[in-house]
**Student:** 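One structure, pasted below without further comment.
Because the structure is predicted, anything quoted here is derived from the model rather than measured.
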Amino acid sequence: MNPVRYLPFFSYHHALMVLNILAIILWSVLLAGCSSSNGLRNVYLLSLSYKPKSTTPLADPLQVNPSIGDTFSSALSRSNSTIRQINISHMSICVGLISEAWICGSNAQDLVNDIKGDPQSDPFNLIWAADKFQNESIFYPLYFVAIIFTSISTILLATFPGWHEEEDSETGSDREIKPFPSRPVSNAALALSSLASVLSFVSVFWQHIASACALTLFESLTYGTVQVHVGAAAMICGWFGFGIVCITSLGLVIMILSIRVLSMLTD
């Protein structure tokens, strides 16, 4: 079977459907981040980790009480932290231990119970801070709405007529034709795709700002004893998904306007 022979039947709306499916996959991976200890633990919004015990605390002339940094640094040097890294996603948290093992879950209390025993295993209560950040700074339900709208838009695109053969009444020979899609269906797909792009922009922009602000606050309020990173994979999934849906919306606008112009020329 030669797949190349099916390329002529791959229509414009099929390309838009592929883009929609790709956006749904990216958002799904983003929301599933840190849900397991495999590759998904690398899809995170924020990563927290203790710096080496010899870390010099941050010092600045604006600090009214500069000795507080030494307090954090000495507390870290006396601790026996078993945590190597904490990755925070929208709905889950992954804790990487010194033993190279990873513990992931959506309930921070379960994670604390797994490592609890020595109070110095998490001297600055980073798991608690991660849970506060996740519950009070992150808002992700709009992603689910955007996924639903994009899915419905994809289903509507699937109803568009494709190429088919029809006998020419004048010559009697077969010819390939493609009827115009329904205007109400096209407008509905455009409206849903546009709403999905707006909702995804709000979500990813909120995600970006919250993560960037948390990075500065975590590092400042721990006086350089905690290292913070913003997850690149999560940002890529969020922004690329938004960009792809914008391309789909633009493609629908171009298609609707082109059909309108052709209809006016044939009338």
**Student:** Should Val43 and Phe240 be regarded as members of a common hydrophobic cluster, given that ILVMFWY residues are connected when their side-chain heavy atoms come within less than 4.5 Å of each other, either directly or indirectly?
**Tutor:**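 Cluster IDs for Val43 and Phe240 differ.
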
**Student:** What residue among Val228, Ile93, Asn87, Ile83 forms side chain to side chain contact (heavy atoms under 4.5 Å, CB included) with Leu48?
**Tutor:**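 Testing Leu48 for a side chain to side chain contact (heavy atoms under 4.5 Å, CB included) against Val228, Ile93, Asn87, Ile83 leaves exactly one candidate, Val228.
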
**Student:** Keeping the roles fixed (side chain from Ser35, backbone from Ala32), state whether a donor-acceptor pair exists under 3.5 Å.
**Tutor:** yes

**Student:** Donor-acceptor pair, distance only, cut-off 3.5 Å: does the side chain of Trp206 make one with the backbone of Ser137?
**Tutor:** yes

**Student:** Going through the distances and angles, do Gln134 and Tyr140 end up as a side chain to side chain contact (heavy atoms under 4.5 Å, CB included)?
**Tutor:** CA-CA 10 Å; Gln134 186 186 67; Tyr140 57 84; over 6 Å; no

**Student:** Count the heavy atoms of every other residue, nucleotide or ligand shown that sit under 6.0 Å from CZ of Phe205, and state whether that count exceeds 12.
**Tutor:** no

**Student:** Where is the tightest heavy-atom contact between Ala130 and Ile86, given as atom of each residue plus distance?
**Tutor:**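 Minimum heavy-atom contact is CB-CG2, 4.1 Å.
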
**Student:** How about Val18 and His14: do any of their side-chain heavy atoms sit closer than 4.5 Å?
**Tutor:** no

**Student:** For Val230 and Ser211, work out which heavy atoms get closest and say how close.
**Tutor:** CG2-O, 4.0 Å

**Student:** Hey, any chance Ile244 and Ile25 share a hydrophobic cluster, counting ILVMFWY side chains that come within less than 4.5 Å of each other, even indirectly?
**Tutor:** no

**Student:** How long is the straight-line distance from CZ of Phe149 back to CG of Leu142, given to the nearest 0.5 Å?
**Tutor:** 10.0 Å

**Student:** Any chance you could measure Ile24, atom CD1, to Ile148, atom CD1, to the nearest 0.5 Å?
**Tutor:**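 Here the rounded value is 10.5 Å.
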
**Student:** Give the cluster check for Leu195 versus Leu157: same hydrophobic cluster or not, with ILVMFWY residues linked at side-chain heavy-atom distances below 4.5 Å.
**Tutor:** yes

**Student:** Quick check for you: to the nearest 0.5 Å, what is the distance between Leu252 atom CG and Asn20 atom CG?
**Tutor:** 7.5 Å

**Student:** Relative to each other, are the rings of His13 and Phe160 parallel, tilted or perpendicular (30° and 60° limits)?
**Tutor:** tilted

**Student:** Please report the interatomic distance OG(Ser153) to CG(Leu190), rounded to the nearest 0.5 Å.
**Tutor:**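 Answer for the OG-CG pair, Ser153 versus Leu190, is 8.5 Å.
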
**Student:** Is it possible for you to say whether Phe201 and Phe144 belong to one hydrophobic cluster, with membership spreading through side-chain heavy-atom contacts below 4.5 Å?
**Tutor:** yes

**Student:** Determine, stepwise, if the pair Ser106 / Met91 fulfils side chain to side chain contact (heavy atoms under 4.5 Å, CB included).
**Tutor:** CA-CA 6 Å; Ser106 57; Met91 296 184 290; 5.6 Å; no

**Student:** Which heavy atom of Leu26 sits nearest a heavy atom of Gly241, and at what distance?
**Tutor:**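 Residues Leu26 and Gly241, closest heavy atoms: CD1-N, 3.8 Å.
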
**Student:** Verify, without hydrogens or angle tests, whether Ser193 (side chain) and Ala189 (backbone) share a donor-acceptor contact under 3.5 angstrom.
**Tutor:**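 Between the backbone of Ala189 and the side chain of Ser193 there is no qualifying donor-acceptor contact (under 3.5 Å).
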
**Student:** For Cys237, run the side chain to side chain contact (heavy atoms under 4.5 Å, CB included) check against Val29, Leu31, Val204 and tell me which one passes.
**Tutor:** Val29

**Student:** What verdict does the side chain to side chain contact (heavy atoms under 4.5 Å, CB included) test give for Arg84 and Glu100, after you've listed the backbone C-alpha separation in whole Å, the side-chain angles of each residue and the deciding distance to 0.1 Å?
**Tutor:** CA-CA 8 Å; Arg84 181 168 56 89; Glu100 301 297 330; 3.6 Å; yes

**Student:** At what distance, to the nearest 0.5 angstrom, does CG of Leu217 lie from CG of Leu215?
**Tutor:** 9.0 Å

**Student:** With rounding to the nearest 0.5 Å, note down the distance linking CD1 in Ile88 to SG in Cys34.
**Tutor:** 8.5 Å

**Student:** Can you confirm whether or not the ring centre of Tyr50 sits under 6.0 Å from the ring centre of Phe124?
**Tutor:** yes

**Student:** Of all the heavy-atom pairs spanning Ala234 and Leu45, show the shortest one and how long it is.
**Tutor:** CB-CD2, 3.8 Å

**Student:** Considering non-hydrogen atoms only, spot the tightest contact between Glu219 and Val226 and give its length.
**Tutor:**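 Where Glu219 meets Val226 most closely, the heavy atoms are CG-O, 3.7 Å.
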
**Student:** Grouping I, L, V, M, F, W and Y whenever their side-chain heavy atoms are under 4.5 Å apart, do Phe218 and Ile209 come out in a common cluster?
**Tutor:** yes

**Student:** What closest approach, in Å, do Ser194 and Ser197 show between heavy atoms, and which atom pair accounts for it?
**Tutor:** O-OG, 2.5 Å

**Student:** Below 30° counts as parallel, above 60° as perpendicular, anything between as tilted: where do the rings of Tyr143 and Trp27 land?
**Tutor:**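 Geometry flag for Trp27 against Tyr143: tilted rings.
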
**Student:** Answer yes or no: is there a donor N or O on one side and an acceptor on the other, between the side chain of Asp131 and the main chain of Ile127, under 3.5 Å?
**Tutor:**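 Not at all, since once roles are kept as given, no pair shorter than 3.5 Å links the two residues.
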
